[in-house]
S.K.: 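Before we start, here is the structure in question, set down as structure tokens.
Since this is a predicted model, take the numbers as computed values, not measurements.
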Amino acid sequence: METLKNNKILIYKMILFFLMSLLMTGNLITLILLNVTTFMSVLFLSNKKYRHKVKLWGLIGTMVLFIILLITANGDELIYINLIPAYIILFLSPEGNFFKNDIKKLMIVILSVLTIEILNNSLSTIFGMIIENRGVYTLGFLTNFIIVSYLYMIFSYLFKKIGMYIVAGILTVSSVINFFVVQWTHQSVTFGDIIKLRTAMSVANKQEFTLKMGILLAISAILWIAVFIVIHSLKKEKRQPVIIIVYRNIIALIMVVVLCLFTNSTFLKFNGGQAYGMITNLIITCEDTFKAPKDKVDYSKYMVKDYEHNNKPNIIIVMSEAFSDLSDSTDKLKLSEDYMPYFKEICSKYPSGKAYSSVYGNNTVTSEAECLTGTSTLFSTQGAELWSKYISDTSWSIVKDLKKQGYETYGIHPSYSYNYNRLDAWQKLGIQNTYFLEDMEKDNKNLEKYRDLVSDNQNYQFIIDKYEENKKSNKPFFCFDVTMQNHAAYKEDLSKYDFDNITSNVTNKETKTEVENYIKLMKKSDDALKTLITYFEKQDEETIILFFGDHQPMFSQDMYSNITGKNASSLSIDKSSDFYKVPFLIWSNKEIKQSDIPKTTSINYLSSLLYKIGNIKRPEIISYDLNLMKNYPVITSNYVITNNRIYSNIDIDEKIKTKDKNNKFYELKIYQSLTYDIIKGNY
């Protein structure tokens, strides 16, 4: 008790630890054990009697805490990784003899991070993501606080108060630079932007400075001045023993490094700085995860020019969010009525089938990248990284090829342009006209929405509008559309909407709600697709529509387990691959003569099939893909399916090490080199 009375720092540290652990874990037993054990350890280390043993016992205590956490988390790595920030607080929270000084140091960190995020135009997005998804987004946001805290701490130890001024100055300048990048590109600064700073500066004078930007800068200036005032008001503290300083910094540095490494490898990177914060965004964009193949192949002699085809139909590609046939996951699902009758009817008349996706439940942009570049992420990296780090003005895409053939190109997506860095990526891939949610809301204040997401029916009306506008250009029309209506989650009450009441045989209450809400939304998608196709049936100009789902909904595995009583995570690779199947359809208002369209393929081949069916002039890359598809009809980031068996990505990694040109896997080795050059702009 005497220790408690005389150690206010201990009290507020434990309050901070409790609040952070409460935020980061939903496991009550873990929460209680963590706080009790941590409190006892910190109390022990605060006792002067044992202060000389702080280095040894502190290290042992930290290890014990992680072991307890590992056990009580019951294998959920996110729980204990998420709590790293809470432990770091024990080492990075303000130290000293004066309680007021401690509070001021905490204020400096909080004010710094919040000002950075105000200039990053991200606070509303960050808090929205944390409320909806918690876990990884909370960790991402807290990483900003941890890094800023560590910078202030280490510089203050090295240079005293001057060090804190230096850190505040660096953060001020970097936040202002990031502010202009966000305002003009709708994306936070990435590690690649730092490398390309010279290029960025060359176009800065072409941008517009608005009144809103001036107001935000004025507000941030006031806040940064407040940071410097608080730093100035700090009182001189008695310097701690060197061994304590070294110990605290080594432990803190180890934790920060672990946190940064986990951050880089685990975060969903589709929203970048707008969902995680500026500093975290820099961390997750600094690693090069897409490197050149070790034994790069000269593929030029395998490329074949196309002199036969020269048709130019209008082309529409619709990548429908989470559009899937749930019977692909399990044939034991029973529904009161079919939720996609029109789609199945139209599929019976036109080329259609199942395409394997590289992703399950999320990471839409991976499917997007595979479709638009004709490559597989088996040989690159996830689409979110491609869009934010690797796509450049020299990268190849079907959009650039069609633009070269005289097409006017459009991209439509009823969500914000900063998601997945789409605006920048699409423009680099050759999309001339983009239309995102912020544009839609300017033009129409009464958008039709379900669960605050733009409906497919409304979305398809935008396609029709852009098609009508394009008629004035006398150019063939190309449109790539990514829908949003069926995006997760599916737990909301949909009774206020006029949906068909379709029920299922799923018994688990939570999963049943998700399944039945999803199929009600899917029925609306089916109706909307009919409206879109009916419109283009009446048009004289030849039009081809490629329609496919990006991935299955996240609940598919839970649904399988509930209905079959089997654990979806323990299935064989042959069976688990069913969770990656999505439907595809290629429709035209003119006769389709090709009969050799495969019923089973993967998303990276869909654009090649589009060229084939439309008799469009094929670039060499498309011709190669069509030939590759004969021996390898399915290539995804998870596995490759040949005509007689399935290989995991690990198997393929070994198989393509061959240098034997007669080896059947040499084709994939060529595709690997081709993929690298397509993305990197070397093709």
S.K.: Determine, step by step, whether Asn517 and Arg451 satisfy the side chain to side chain contact (heavy atoms under 4.5 Å, CB included) criterion, reporting the C-alpha distance in whole Å, the side-chain angles of both residues, the deciding distance to 0.1 Å, and the verdict.
M.R.: CA-CA 11 Å; Asn517 280 353; Arg451 307 172 303 142; over 6 Å; no

S.K.: Strictly distance-based, threshold 3.5 Å: is any side-chain N or O of Lys491 a donor or acceptor partner for the main-chain N or O of Thr513?
M.R.: no

S.K.: Side chains of Ser417 and Glu438: do they bring a donor and an acceptor to under 3.5 Å?
M.R.: yes

S.K.: Would one find more than 12 heavy atoms of other residues, nucleotides or ligands at under 6.0 Å from atom OH of Tyr360?
M.R.: yes

S.K.: Is a side-chain donor or acceptor of Gln485 paired with a backbone partner of Leu453 at a separation under 3.5 angstrom?
M.R.: no

S.K.: Treating Ser395 as the side-chain partner and Ile391 as the backbone partner, does any N or O pair qualify as donor plus acceptor under 3.5 Å?
M.R.: no

S.K.: Looking at Glu321 and Val482, would you say the former's side chain and the latter's main chain have a donor-acceptor pair under 3.5 Å?
M.R.: no

S.K.: Could you tell me if the side chain of Ile116 sits less than 4.5 Å from the side chain of Trp224, heavy atoms only?
M.R.: yes

S.K.: Closer than 3.5 angstrom, by distance alone: can the side chain of Asn120 be matched with the main-chain N or O of Gly277 as a donor-acceptor pair?
M.R.: no

S.K.: Without hydrogens or angle criteria, can the side chains of Thr364 and Asp550 be said to hold a donor-acceptor pair below 3.5 Å?
M.R.: yes

S.K.: Given the rule in the side chain to side chain contact (heavy atoms under 4.5 Å, CB included) test, do Leu223 and Leu114 qualify, once you have shown the distances and angles that lead to the verdict?
M.R.: CA-CA 9 Å; Leu223 292 172; Leu114 291 182; over 6 Å; no

S.K.: Using only heavy-atom distances, determine whether the side chains of Tyr152 and Ser112 contain a donor-acceptor pair under 3.5 Å.
M.R.: yes

S.K.: In the structure I gave you, are the side-chain heavy atoms of Leu423 and Gln427 within less than 4.5 Å of one another anywhere?
M.R.: yes

S.K.: Kindly indicate, with the supporting measurements, whether the criterion side chain to side chain contact (heavy atoms under 4.5 Å, CB included) is fulfilled by Tyr420 and Asn363.
M.R.: CA-CA 9 Å; Tyr420 287 121; Asn363 210 353; 3.8 Å; yes

S.K.: If you measure from CZ on Phe179 to OG on Ser174, what distance do you get to the nearest 0.5 Å?
M.R.: 14.0 Å

S.K.: Once you round to the nearest 0.5 Å, how far does CG of Asn459 lie from CG of Leu437?
M.R.: 10.5 Å

S.K.: Measure up the His413 and Phe436 rings against each other and bin them: parallel (under 30°), tilted (30 to 60°), perpendicular (over 60°).
M.R.: perpendicular

S.K.: Could you walk me through whether Val359 and Ser367 pass the side chain to side chain contact (heavy atoms under 4.5 Å, CB included) test, one step at a time?
M.R.: CA-CA 7 Å; Val359 292; Ser367 299; 3.8 Å; yes

S.K.: So do the side chains of Asn144 and Glu117 get within less than 4.5 Å of each other, counting heavy atoms only?
M.R.: yes

S.K.: When rounded to the nearest 0.5 angstrom, what distance separates OG in Ser233 from NZ in Lys161?
M.R.: 7.0 Å

S.K.: Taking 4.0 angstrom as the limit, do Glu441 and Lys449 come out as a salt bridge?
M.R.: yes

S.K.: Ignoring hydrogens and angles, tell me if any N or O in the side chain of Ser220 forms a donor-acceptor pair with the backbone of Thr115 under 3.5 Å.
M.R.: no

S.K.: Dump the intermediate steps for side chain to side chain donor-acceptor pair (under 3.5 Å) on Asn486 and Tyr450, then the final yes or no.
M.R.: CA-CA 9 Å; Asn486 299 332; Tyr450 302 132; over 6 Å; no

S.K.: Are Ser175 and Asn178 packed together at the side-chain level, in the sense that at least one heavy-atom pair is separated by less than 4.5 angstrom?
M.R.: no

S.K.: For Asn421 and Trp387, indicate whether the former's side chain and the latter's backbone hold a donor-acceptor pair under 3.5 Å.
M.R.: yes

